[in-house]
*Asks:* 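Below: one structure in structure tokens.
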Amino acid sequence: MKIALHWRILIGIISGIILGISLNYFFRNEPDDNFFYYIKFLFKYVGSVFVKLLKMLVVPLVMASIYMSIVSLENIAEIGKIGKKTIMYYMLTTALAVLMGIVVVNIIQPGNVSLETASVLKKAMNVPDKVSSAGVGDKSSFEIVVDTLVGMIPDNPFNALATTNVLQVIFFSIFIAIIAVTMREKSEPFNNLMKSVDALMQKGVVTIMGLAPYFLFFLVGGIFMQIGIEALLPLLKYAFTVLLGLLVHGFIILPLVVWIFTKENPYKYLLKMMTPLLTAWSTSSSAATLPVTMKTVEKIGVSPKISNFVLPLGATINMDGTALYESVAVIFIAGLLGVPLDFGQQVVIFLTASLAAMGAAAIPGAGLVTMGIVLSAVGLPLEAIGIILAVDALLDQFRTTINVWGDITAAIVINKSEKNKEELEESILIE
């Protein structure tokens with residue numbers, strides 16, 4: 001009997017966790033040049049191959065799929081309507097995610113810890129260079145939005161392709177596709193080329209995912225060899241708060257939104273989306289998961305015309321999990337440092353976290369950089385990010401999963417909306 005891909009992926013993940021924690025427990029006190037060091041090195045780099053293979057397909061897949069989704073539209077006006085619906089949906093779910101984070105962290109109050117525990121956590125401060133030198137605290141919320149919008153336009157589209165600037169690739173793809181629609185005959189050779197590229201990338205995704213269970217065993221095993229289990233204990237209450245918020249948002253709020261807009265059972269879709277969700281959990285990367293997500297949503301009836309537009313855009317600007325995590329983390333840090341946050345400051349956190357999440361790159365750890373924006377908005381030191389680094393890798397996996405699930409729900413809702421519109425138009429014509 002052949003085991004389904006998502007179950008094989010789950011087996012690989014669980015096996016990697018068990019092995020990683022076991023080896024960390026038995027060999028963590030050994031010197032750096034021992035056998036365990038080389039095992040960690042091997043697992044880390046074999047696991048990174050999987051992420052690299054998926055990211056290798058992201059740019060050509062995004063460009064080709066978005067281009068084809070637009071040139072296949074019979075009416076160019078459809079582009080603006082679908083885009084408007086998608087942006088509004090993403091803004092709604094991101095705001096709901098931040099609100100959920102603020103509610104949960106205020107109820108549980110993970111920052112209310114003993115002085116001894118606070119001392120242990122502060123010793124964990126180790127701010128990476130990419131955060132401390134990013135200058136993220138120098139910008140206001142308004143500047144973040146303007147920078148994001150203006151930054152979508154590439155100075156050089158080839159440079160955007162080469163540097164994997166997905167937002168700029170999306171803008172260029174949409175722009176050139178709209179031009180192609182206005183001159184269909186002359187653009188036909190280029191259309192055929194992009195159609196071929198799209199098909200090749202889709203086949204590449206299928207090929208790579210066949211090896212996913214083995215790669216993910218190494219990827220997850222390497223993560224847990226590094227952090228072990230004891231490193232999570234001092235931050236258990238904080239981690240629990242984040243996970244609870246993500247759980248409620250992912251499995252109650254988002255399904256409720258889907259039901260409101262589609263009147264269909266959202267959990268039937270959730271069960272069928274286990275492959276991209278488990279991939280998101282394992283890779284901590286919306287971008288790396290994007291090819292898998294785009295391929296899988298077709299199985300639940302989402303039109304490629306919708307998924308090829310909604311999902312790449314969502315992987316860039318829709319970060320529900322990241323926004324929720326940032327709101328919890330900032331209030332938690334404030335509690336540890338003894339900084340009281342009044343209602344007005346928490347409103348600032350709500351607005352800033354919602355906006356900052358739009359600028360979070362779809363790569364592992366990007367939330368650490370954008371969190372600096374939220375910290376500075378309420379007067380907290382950027383260095384305080386170091387407090388939560390011990391569990392950030394693990395939480396990154398879960399918030400990325402919610403990011404991807406949020407993108408999928410958008411594809412479901414927009415797809416249903418377009419189907420309803422088509423059915424209405426058909427009924428009017430029949431009458």
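By convention here, the first residue in the shown sequence is residue 1. Below, all heavy atoms of this structure are taken into account, side chains as well, without hydrogens, waters or symmetry copies.
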*Asks:* Do Leu244 and Ile108 come within less than 4.5 Å of each other through their side chains, counting heavy atoms only?
*Replies:*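 In contact.
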*Asks:* Does Ile408 form a side-chain contact (heavy atoms from CB on, under 4.5 Å) with Trp405? I'd like the steps, not just the answer.
*Replies:* CA-CA 5 Å; Ile408 293 170; Trp405 174 228; 3.9 Å; yes
*Asks:* Name the atoms and distances for all side-chain donor-acceptor pairs under 3.5 Å in residues 149-161, with sequence neighbours left out.
*Replies:*
unit_1	atom_1	unit_2	atom_2	d
Asn156	OD1	Phe158	N	2.9
Asn156	OD1	Asn159	N	3.4

*Asks:* What is the distance from atom CG of Leu216 to atom OG of Ser15, rounded to the nearest 0.5 Å?
*Replies:* 11.0 Å
*Asks:* Please give me the minimum heavy-atom distance between Ala280 and Thr400, naming the atom from each residue.
*Replies:* O-CG2, 3.8 Å
*Asks:* When you look at Leu96 and Val257, which way does the side-chain contact (heavy atoms from CB on, under 4.5 Å) test go after all the steps?
*Replies:* CA-CA 10 Å; Leu96 289 173; Val257 172; 4.0 Å; yes
*Asks:* Hey, could you give me the CE/CG distance between Met294 and Asn308, rounded to the nearest 0.5 Å?
*Replies:*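 Those atoms lie 4.0 Å apart.
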*Asks:* Restricting to side chain to side chain donor-acceptor pair (under 3.5 Å), what partner residues turn up for Thr289, sequence neighbours left out?
*Replies:* Thr283
*Asks:* Quick one: does Asn415's side chain have a donor or acceptor within less than 3.5 Å of a partner on Ile306's backbone?
*Replies:* no
*Asks:* Identify the heavy atoms of Gly47 and Phe218 that sit nearest to each other, and give their distance.
*Replies:*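 Scanning both residues completely, I find the closest heavy atoms to be N-CB, 3.9 Å.
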*Asks:* Applying side-chain contact (heavy atoms from CB on, under 4.5 Å), run through Leu211 and Phe50 and close with a yes or a no.
*Replies:* CA-CA 9 Å; Leu211 300 172; Phe50 177 68; over 6 Å; no
*Asks:* Check whether any side-chain heavy atom of Val105 lies under 4.5 Å from a side-chain heavy atom of Val330, and answer yes or no.
*Replies:* no
*Asks:* Would you say the side chain of Val258 lies within less than 4.5 Å of the side chain of Glu264, judging by non-hydrogen atoms?
*Replies:* no
*Asks:* What's the shortest heavy-atom distance between Ile402 and Leu246, and which atoms?
*Replies:* CD1-O, 3.6 Å
*Asks:* Is the number of heavy atoms from other residues, nucleotides or ligands within 6.0 Å of NZ (Lys268) greater than 12?
*Replies:* yes
*Asks:* Taking the six-membered ring for Trp, are Phe332 and Tyr238 parallel (under 30°), tilted (30 to 60°) or perpendicular (over 60°)?
*Replies:*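 Because their plane-to-plane angle is under 30°, the rings of Phe332 and Tyr238 count as parallel.
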*Asks:* Give a yes or no answer on whether the side chain of Thr94 reaches the backbone of Met91 with a donor-acceptor pair at less than 3.5 Å.
*Replies:*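 Checked: no pair found.
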*Asks:* Could you grab the distance from atom CE of Met201 to atom CE of Met194, nearest 0.5 Å is fine?
*Replies:* 10.0 Å
*Asks:* I need the minimum non-hydrogen distance between Tyr67 and Ser173, along with the two atoms involved.
*Replies:* CD1-O, 4.2 Å
*Asks:* Surrounding OH of Tyr214 (heavy atoms of other residues, nucleotides or ligands, distance under 6.0 Å), is the total greater than 12?
*Replies:* no
*Asks:* Walk me through whether Leu53 and Met56 qualify under side-chain contact (heavy atoms from CB on, under 4.5 Å).
*Replies:* CA-CA 5 Å; Leu53 285 172; Met56 175 181 70; 4.1 Å; yes
*Asks:* CG/Leu395 to CG/Leu243 distance, rounded to the nearest 0.5 angstrom?
*Replies:*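 It is 5.5 Å, given to the nearest 0.5 Å.
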*Asks:* Is the backbone N or O of Val297 less than 3.5 Å from a side-chain atom of Tyr269, with the two atoms forming a donor-acceptor pair by type?
*Replies:*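 A pair under 3.5 Å: no.
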*Asks:* Do Thr262 and Val413 touch side chain to side chain, with heavy atoms closer than 4.5 Å?
*Replies:* yes
*Asks:* Where do Ser327 and Gly101 come nearest, in terms of heavy atoms and distance?
*Replies:* OG-CA, 3.6 Å
*Asks:* For residues Phe240 and Pro110, determine if any side-chain heavy atom of one lies less than 4.5 Å from a side-chain heavy atom of the other.
*Replies:* no
*Asks:* Which class fits the ring pair Phe175 and Phe171: parallel under 30°, tilted 30 to 60°, perpendicular over 60°?
*Replies:* parallel
*Asks:* Calculate, to the nearest 0.5 Å, the distance between atoms CD1 and CG belonging to Ile18 and Leu23 respectively.
*Replies:*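 If we round to the nearest 0.5 Å, Ile18:CD1 and Leu23:CG are 12.0 Å apart.
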*Asks:* Does the side chain of Asp396 reach to within under 4.5 Å of the side chain of Arg399, using non-hydrogen atoms?
*Replies:* yes
*Asks:* Which one of Asp320, Asp407, Ile253 satisfies the side-chain contact (heavy atoms from CB on, under 4.5 Å) criterion with Thr93?
*Replies:* Asp320
*Asks:* Phe261 versus Ile412: any side-chain heavy-atom pair under 4.5 Å?
*Replies:* no
*Asks:* Provide the closest heavy-atom pair for Val310 versus Ala410 in the form atom of the first, atom of the second, distance.
*Replies:* CG1-CB, 3.8 Å
*Asks:* With a 4.5 Å cut-off on side-chain heavy atoms, are Phe309 and Thr86 touching?
*Replies:* yes
*Asks:* Nearest 0.5 Å please: distance from the OH atom of Tyr90 over to the CE atom of Met319.
*Replies:* 10.0 Å
